[in-house]
> 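Could you have a look at this structure, given as structure tokens, before my questions?
For clarity, every value in this text was computed on a predicted model and none was experimentally measured.
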Amino acid sequence: MPRLPAPFARMIEARGMPCTVTGTEDLSPSFRRVHLAGQGLRGHEWAPCQVTTFLVSPTEFRRYTPDAFDAEAGRMSILFYRHDAGAAGSSAPGETWLNSLKIGDLVSAMGLEATRSFRARAEPGTVFVCGDGTTVGLWYSMIRWLDDRARVCGVVEVPLRDVPLVLDLLPGVEVVPQTEQPGEAVLSWLDDAPPEEITHAYLSGHGQTIQLARNLVRHRYGLQRSNISTQPYWATGKVGL
């Protein structure tokens, strides 16, 4: 996301929905779940693929995907993936902000929306998902939102130390250890993917990987382009997608 002068950034933040941090959970070395509550969350229509935005430094915003949302109670949680977990001297503004959050802190959630081309569909059949650590909260929410309306399969790559957690969070999805090259493990798995009758595919996470995975998925499963939804969350060489 673009950087804005601090006065303009504060003006935008002031229009958001005030929320209080009600809890944090470190589920594994790379994954932290943050629970938020606020009156402004009540009554919102919610579905997976929607994102909200936070001001994470005086001049910078980041978008995140809720992994659970309760419109009646005015509560949501976000499962954060920390790219730099355990790394010394990390200066990523989103992760610095996340590491600073404490119970009782006030934050402003700006918006709750999905792009027209990347929205969850409650259609019967088999849904294919593909991504990396940044998408685990998204697929977690989608599996529970679809419930018995559709089967979910697919593949995600995460650090080896996080594989057991993600296997528990994403039943039916293959979880492969990531390598130093983003997307390498996912693309390798797709090269030998088992045959499936897929009705819709969602690809998210690393932008360059999505570009390559889209063609693999389309040909592997015989999907029309209109049945493949894509949304990059980050990209090599770019900041704050």
> Please work out which of the three classes, parallel, tilted or perpendicular, describes the rings of F31 and Y81, given edges at 30° and 60°.
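Aromatic pair Y81/F31 classed tilted.
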
> Within the distance-only criterion (no hydrogens, no angle test), does the side chain of E13 pair as donor or acceptor with the backbone N or O of L55 below 3.5 angstrom?
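No.
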
> Ignoring hydrogens and geometry, is there a side-chain-to-backbone donor-acceptor pair from E157 to G183 under 3.5 Å?
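Here the side-chain-to-backbone pair exists.
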
> For the pair F80 and W97, name the ring-plane relationship: parallel under 30°, tilted 30 to 60°, perpendicular over 60°.
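Judged by the thresholds at 30° and 60°, the geometry between F80 and W97 is perpendicular.
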
> Which residue, T52, D67, V34, forms the side chain to side chain contact (heavy atoms under 4.5 Å, CB included) with M76?
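So the option named by the test is T52.
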
> For Y233 and T65, which I'm curious about, is there any donor-acceptor pair between the side chains at under 3.5 Å?
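Yes, side-chain donor-acceptor contact under 3.5 Å.
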
> Stepwise, does the side-chain contact (heavy atoms from CB on, under 4.5 Å) test hold for T96 with V56?
CA-CA 8 Å; T96 300; V56 299; over 6 Å; no

> With distance as the sole test, does S204 use its side chain to make a donor-acceptor pair with the main-chain N or O of Q231 at under 3.5 Å?
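Between the backbone of Q231 and the side chain of S204 there is a qualifying donor-acceptor contact (under 3.5 Å).
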
> Heavy atoms only: give me the nearest H206-A235 pair and the separation to one decimal.
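Smallest interatomic distance, heavy atoms only, reads CD2-CA, 4.1 Å.
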
> Give the minimum heavy-atom separation between T134 and G205, together with the two atoms involved.
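Distance-wise, the nearest heavy atoms are OG1-CA, 3.6 Å.
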
> Minimum heavy-atom separation for G23 to I103, with atom names?
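So the two residues come closest at CA-CG1, 3.9 Å.
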
> Give me the atom names and distance for the closest heavy-atom approach of H200 to S226.
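In this case the closest contact between H200 and S226 is CE1-O, 3.8 Å.
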
> So, R220 side chain and L190 main chain: donor-acceptor pair closer than 3.5 Å or not?
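Such a contact is found between R220 side chain and L190 backbone.
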
> Any sub-3.5 Å donor-acceptor pair from R119's side-chain atoms to C49's backbone N or O?
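Answer holds: no.
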
> Begin with the C-alpha distance, continue with both residues' side-chain angles, and end with the deciding distance and a verdict on side-chain contact (heavy atoms from CB on, under 4.5 Å) for N99 and R32.
CA-CA 9 Å; N99 291 335; R32 174 175 293 174; 3.5 Å; yes

> Measuring only between side-chain heavy atoms, which start at C-beta, is T20 closer than 4.5 Å to L106?
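Of all side-chain heavy-atom pairs linking L106 with T20, at least one is under 4.5 Å.
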
> Kindly assign one of parallel, tilted or perpendicular to the pair H44 and F69, based on the angle between their ring planes and the thresholds 30° and 60°.
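Rings of H44 and F69: perpendicular, as their planes differ by over 60°.
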
> Determine the minimum heavy-atom distance between V136 and V158, stating which atoms define it.
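Nearest pair, atom of V136 first, then V158: CG2-CG1, 4.2 Å.
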
> Indicate if L27 and V173 have the same hydrophobic cluster label, given that clusters are the connected sets of ILVMFWY residues with side-chain heavy-atom separations under 4.5 angstrom.
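Yes, same cluster.
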
> How many angstroms lie between atom CZ of R121 and atom OH of Y202, to the nearest 0.5 angstrom?
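R121 CZ to Y202 OH: 6.0 Å, rounded to 0.5 Å.
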
> Under 3.5 Å, is there a donor-acceptor pair between the S141 and W145 side chains?
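Side-chain D/A pair, S141 to W145: absent.
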
> Provide the closest heavy-atom pair for I198 versus C153 in the form atom of the first, atom of the second, distance.
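Result for this residue pair: CD1-SG, 3.8 Å.
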
> Rounded to the nearest 0.5 Å, what separation is found between the CG atom of L41 and the CG atom of L36?
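Reported value, rounded in 0.5 Å steps: 7.5 Å.
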
> Just so I know, are the side chains of M110 and R15 near enough to count as touching, which here means a heavy-atom distance under 4.5 Å?
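Not touching, per the 4.5 Å side-chain cut-off.
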
> Under the 3.5 angstrom rule, does the side chain of T22 hit a backbone N or O of H35 as a donor-acceptor pair?
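Present.
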
> In sequence, state the C-alpha distance, the side-chain angles, and the governing distance for M142 and V127, and then conclude on side-chain contact (heavy atoms from CB on, under 4.5 Å).
CA-CA 10 Å; M142 186 171 289; V127 171; 4.3 Å; yes

> Could you state the interatomic distance from CZ (R116) to OG (S229), rounded to the nearest 0.5 Å?
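Rounded to the nearest 0.5 Å, the CZ-OG separation comes out at 13.5 Å.
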
> Rounded to the nearest 0.5 Å, what separation is found between the CG atom of L170 and the OG1 atom of T135?
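Nearest 0.5 Å value for the CG-OG1 distance: 7.5 Å.
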
> Is there a continuous path of hydrophobic side-chain contacts, each under 4.5 Å between heavy atoms, that joins W189 to L167?
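Looking at the clustering, L167 is in a separate group from W189.
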
> What distance do T230 atom OG1 and I210 atom CD1 have between them, rounded to the nearest 0.5 Å?
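Rounded to the nearest 0.5 Å, the OG1-CD1 separation comes to 6.0 Å.
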
> Distance-only, no hydrogens or angles: does the Q208 side chain make a donor-acceptor pair with backbone N or O of T236 under 3.5 Å?
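Looks like yes, one N/O pair under 3.5 Å.
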
